[in-house]
Amino acid sequence: MKITDFDHSKHAMDGQYTRVKTLVDQEQSKDLYRELKGVYCSEKSKQIGMGKAIKYYFEHVRLFINPNDIFADLADVTFPPVKLRDEEYKKYKTCSPEAARMQKEGAFFADCDFGHTMPDWGTVFEHGIPGIIKRAEECLRAASLPSEQREFYLSVKYAYEGILIFTERLRDKASEVLSDNAQFAARNLESLTKRRPETLAEAMQLYFLYYTAQSWVEGENVRSLGALDDILFPYYRHDMESGLYSKADIRQLIEYFFYKWNSMKVIANIPFYIGTNTNEFTYLILEEYRKLNVPDLKIHIKCTANTPIRLYKMVMDSIRNGNNSFVFINDELATKALEGIGIEREDAKNHTIIGCYEPAAAGKEIPCTLNGGINMPMAVEVVLNRGKKFHCENRIGIDFGEEFADFESFYAAVKKQLKEWTKVSMAEINAIERQYPNIIHSPILSATFQSCMERGRDAYAGGAKYNNSSICAFGIATTVDELMAIKKAVFEQKIISMEELKHTLKNNWKNAETLRKTMRDKCPKYGNNDPEADCLTKDLLLHMAECINHKPNGRGGVYRMGLFSIDWIIPYGKQLGASADGRFAGEPVSKNLCASVGMDKKGITGMINSVTKFDYSLVPNGSVLDLSLHPSVVSGDEGIHIMIHLLETYLSKGGFATHINVVSPETLKEAQQKPDKYRNLQVRLCGWNVYFTDLDVEMQNNLIRSMEEG
């Protein structure tokens, strides 16, 4: 294999996608967009128009070759065909004044979601680009083909002809570059213009071609590369058995492959999973990932009863040493959760993880994992304040009056408010989803779904076998903690009246520090294995599951509940006034399944015991518990065993997913002060991991506080 040693090339790969943007002629890009828009609008059928526009784009877009890279995919994506979809969306996007007001004030959000997909990678690699074109042509030859089906198959044919032209043009351009790496890329591209991939390098190259086509040109973000070790293992075995590459060559390929993804700098956008069929290539992947010490790719570990202890040891050691881009998924529980919303057992078993934590039936489901989110702590505030936020005159909730006879009636009002917001958010989502056939045409993605090719329909127009939507409920700990504080302080111990509490919260605990500490420190809290708080948590989450799961969406599917918050905790916290759990106005709400910062007084054991009292098969859109461990706790061989035991305990008790940070707050504080010294310090942040020094100060401080007080 004649390529440049990776260590001599990697720095020239840094920022290559950003550099392309600086080389782009903006006026030339705009001219191309006007031309492809003309192609799109010249067709009576929007579906055919999109297919032809994609082809036209690939025929004319400016391409670039990095002579130091062994994979080619660089193109001017300033004005791609996806902008046609964005223009269509503006025409059809509707929002009632009431819902718009609620969203503006931070009660919930509701929107489309074209950003959480995964193609059927089996189809991509089994057929290759020429093979998918051939499939579309075969479908077009069918007798008495209805016009809608014909339009779909033509759009697939045109789009993939465009990808083929893209591949040919990249081949020609790479062939003109006098570097070993560019010539290597040209040879692999040449093969992919004629057939499906046969070697590991060809398969890796196809990943980049497809990713560019679907994510940046068509506009449906690829949020998983699938079971990478399982998909690429046959190519690895072929190359080793044929003597094409040595083990050292394979390691070079993996390093180039991973580093190229990392150079994209697309946060949270490019995960893959391992562990379904662990093999020798799995361990090569992990070894090379650890050597690179980069925050991308994101790695999901499918945890089963058969997961090798060797795999766990390697991953835990990697996390302990700062390479922590891992999330552990309870494979059987994810399968059961998908079955619970009507996905057949075999399809559910063959799930992927889309984005951060969201399971989906691979190659069968369009899950739309981020259609909406419900800000649960906001419901408590508006019930307290007769349907309004503390410092806003606009009514965004139900006015239940000021008198509540007991805690049960107050809590019932909060649940009713949450149910109402969920209904309104679903109505907004359904209204836009019914317009998807007019808005979105995804021939590149749809061609990989067997059901779409059989039905002759786009994946967003009912072509997928399962057409679901998702809403997340977040701020769990904040909500439970403030409800428990109200229950104890107002209704049981009568420390303060409801009216006095409302006045105190409106004034952000001014002149009430003793009361604030009492309500913060003396009332039961989520995450401490407290029976009363955990019982309330379970009831609240069951209520949200009933509000969301199985409800019909606007595409013939159903809704899926998620229980993660990612980075919404800061902007939605800013929308809230002070809360009865002692939180000040504007402070972040609780994250994912975690306790409120500093409130998990019973340690990790108490946290796990609390969290796992709920049945997460009712959470088909996923959830996660963030775990933070001090380096001193997990040092030496014994430390690895502690980490594995902690994970196995969590999973065996019914935990859905978890990720782990091993870093001290002292280290993070020093990194704030001396960022140059800690440029490679990684932290796991919600659904992705990042370099700590790249975070803004607010996010850094929140992370430090959670580790300091947790």
Side-chain angles (χ1 to χ4, degrees), residues 85-86 88-117 220-221 341 354-356 358 366-379 381-382 387 389 392 394-398 414-440 460 467-476 479 543-569 571-576 589 619-622:
R85 182 196 73 194
D86 296 342
E88 294 287 359
Y89 181 66
K90 291 176 184 176
K91 296 178 188 176
Y92 292 96
K93 170 66 175 173
T94 58
C95 191
S96 69
E98 178 188 27
R101 185 168 62 251
M102 292 174 182
Q103 291 194 70
K104 182 181 178 182
E105 297 299 337
F108 63 82
F109 71 89
D111 211 335
C112 64
D113 181 9
F114 308 134
H116 291 82
T117 70
E220 285 77 62
N221 288 335
I341 54 167
I354 299 287
C356 298
E358 308 99 286
I366 297 294
C368 293
T369 67
L370 214 58
N371 283 113
I374 307 296
N375 187 355
M376 292 198 294
M378 182 72 78
E381 180 171 323
V382 300
K389 292 169 62 176
C392 181
N394 292 324
R395 192 174 302 283
I396 62 169
I398 302 168
V414 171
K415 291 201 291 187
K416 187 173 182 180
Q417 181 59 71
L418 288 168
K419 184 176 183 178
E420 178 63 20
W421 279 344
T422 305
K423 285 173 60 179
V424 174
S425 66
M426 286 181 179
E428 292 299 309
I429 295 166
N430 290 354
I432 195 63
E433 284 190 330
R434 293 188 189 102
Q435 298 297 332
Y436 276 8
N438 298 315
I439 297 169
I440 182 168
Y460 287 92
N467 302 278
N468 298 323
S469 306
S470 306
I471 291 178
C472 291
F474 60 91
I476 299 164
T479 308
H543 174 71
M544 295 308 298
E546 290 170 0
C547 290
I548 297 171
N549 287 339
H550 308 289
K551 296 295 187 292
N553 66 2
R555 299 182 292 119
V558 298
Y559 278 92
R560 316 161 7 131
M561 180 176 76
L563 293 177
F564 57 84
S565 62
I566 53 176
D567 52 356
W568 308 325
I569 62 171
Y572 278 91
K574 288 179 178 178
Q575 294 270 42
L576 284 163
V589 298
V619 190
N621 202 46

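Within the structure, the side chain to side chain donor-acceptor pair (under 3.5 Å) test picks out the following pairs touching residues 102-117 (sequence neighbours left out): Y89-D111, E105-K389, D113-H116, H116-R223, T117-Q214.
For NZ of K415, the number of neighbouring non-hydrogen atoms (other residues, nucleotides, ligands) closer than 6.0 Å is greater than 12. Other residues, nucleotides and ligands place no more than 12 heavy atoms under 6.0 Å from the NZ atom of K419.
Contact of the C547 side chain with the W421 side chain is not registered, since no non-hydrogen atoms from C-beta on lie closer than 4.5 Å. In this structure the side chain of K423 never reaches within 4.5 angstrom of the side chain of M426, judged on heavy atoms. Side-chain contact between T422 and Y559: absent, with no pair of heavy atoms (C-beta onward) separated by less than 4.5 Å. Here the side chains of S470 and E358 are not in contact, with every heavy-atom distance at 4.5 Å or above. The shortest distance between side-chain heavy atoms of M376 and V589 does not fall below 4.5 Å. Side-chain contact check for R555 versus I366: some heavy-atom pair is nearer than 4.5 Å. Between N553 and N371 there is no side-chain heavy-atom pair separated by less than 4.5 Å.
Shortest non-hydrogen contact noted between P377 and G475 is CG-O, 3.6 Å. Taking each heavy atom of V619 and G562 in turn, the nearest pair found is CG1-CA, 3.9 Å. Residues A379 and Q417 share a closest heavy-atom pair of CB-CG, 4.1 Å. Nearest heavy-atom pair across S425 and A110 is O-CB, 3.5 Å. Nearest approach of C112 to I432, heavy atoms of both residues: N-CG2, 4.4 Å.
The backbone N or O of G106 lies less than 3.5 Å from a partner atom in the side chain of N375, making a donor-acceptor pair. With hydrogens and angles ignored, the 3.5 Å screen pairs no side-chain donor or acceptor of N621 with any backbone N or O of M561. Remark: the backbone N or O of I440 is not paired with any side-chain donor or acceptor of E88 at under 3.5 angstrom.
Between R85 and E220 there is a salt bridge, since at least one side-chain N of the basic residue sits less than 4.0 Å from a carboxylate O of the acidic one.
The line from CD1 of I548 to CZ of R560 is 12.0 Å long, rounded to the nearest 0.5 Å. Within the model, atoms CD of E381 and OG1 of T479 stand 11.5 Å from one another, a figure rounded to the nearest 0.5 Å. We find the CG-OH distance between N438 and Y460 to be 16.0 Å, quoted to the nearest 0.5 Å. Atoms NZ and CD1, from K551 and I429 in turn, are 13.5 Å apart once rounded to the nearest 0.5 Å.
Checking each of W568, F108, F109, F564 against F474 for a ring-ring contact (aromatic ring centres under 6.0 Å, His included) leaves exactly one that passes, namely W568. Partner T369 forms a side-chain contact (heavy atoms from CB on, under 4.5 Å) with one of I471, I354, N468 and no other, that one being I354.
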Just distance, no hydrogens or angles: give the donor-acceptor pairs under 3.5 Å from side chains in residues 95-102, sequence neighbours left out.
from : atom 1 : to   : atom 2 : distance (Å)
S96  : OG     : A99  : N      : 3.1
S96  : OG     : E428 : OE2    : 3.3
R101 : NE     : R395 : O      : 3.0

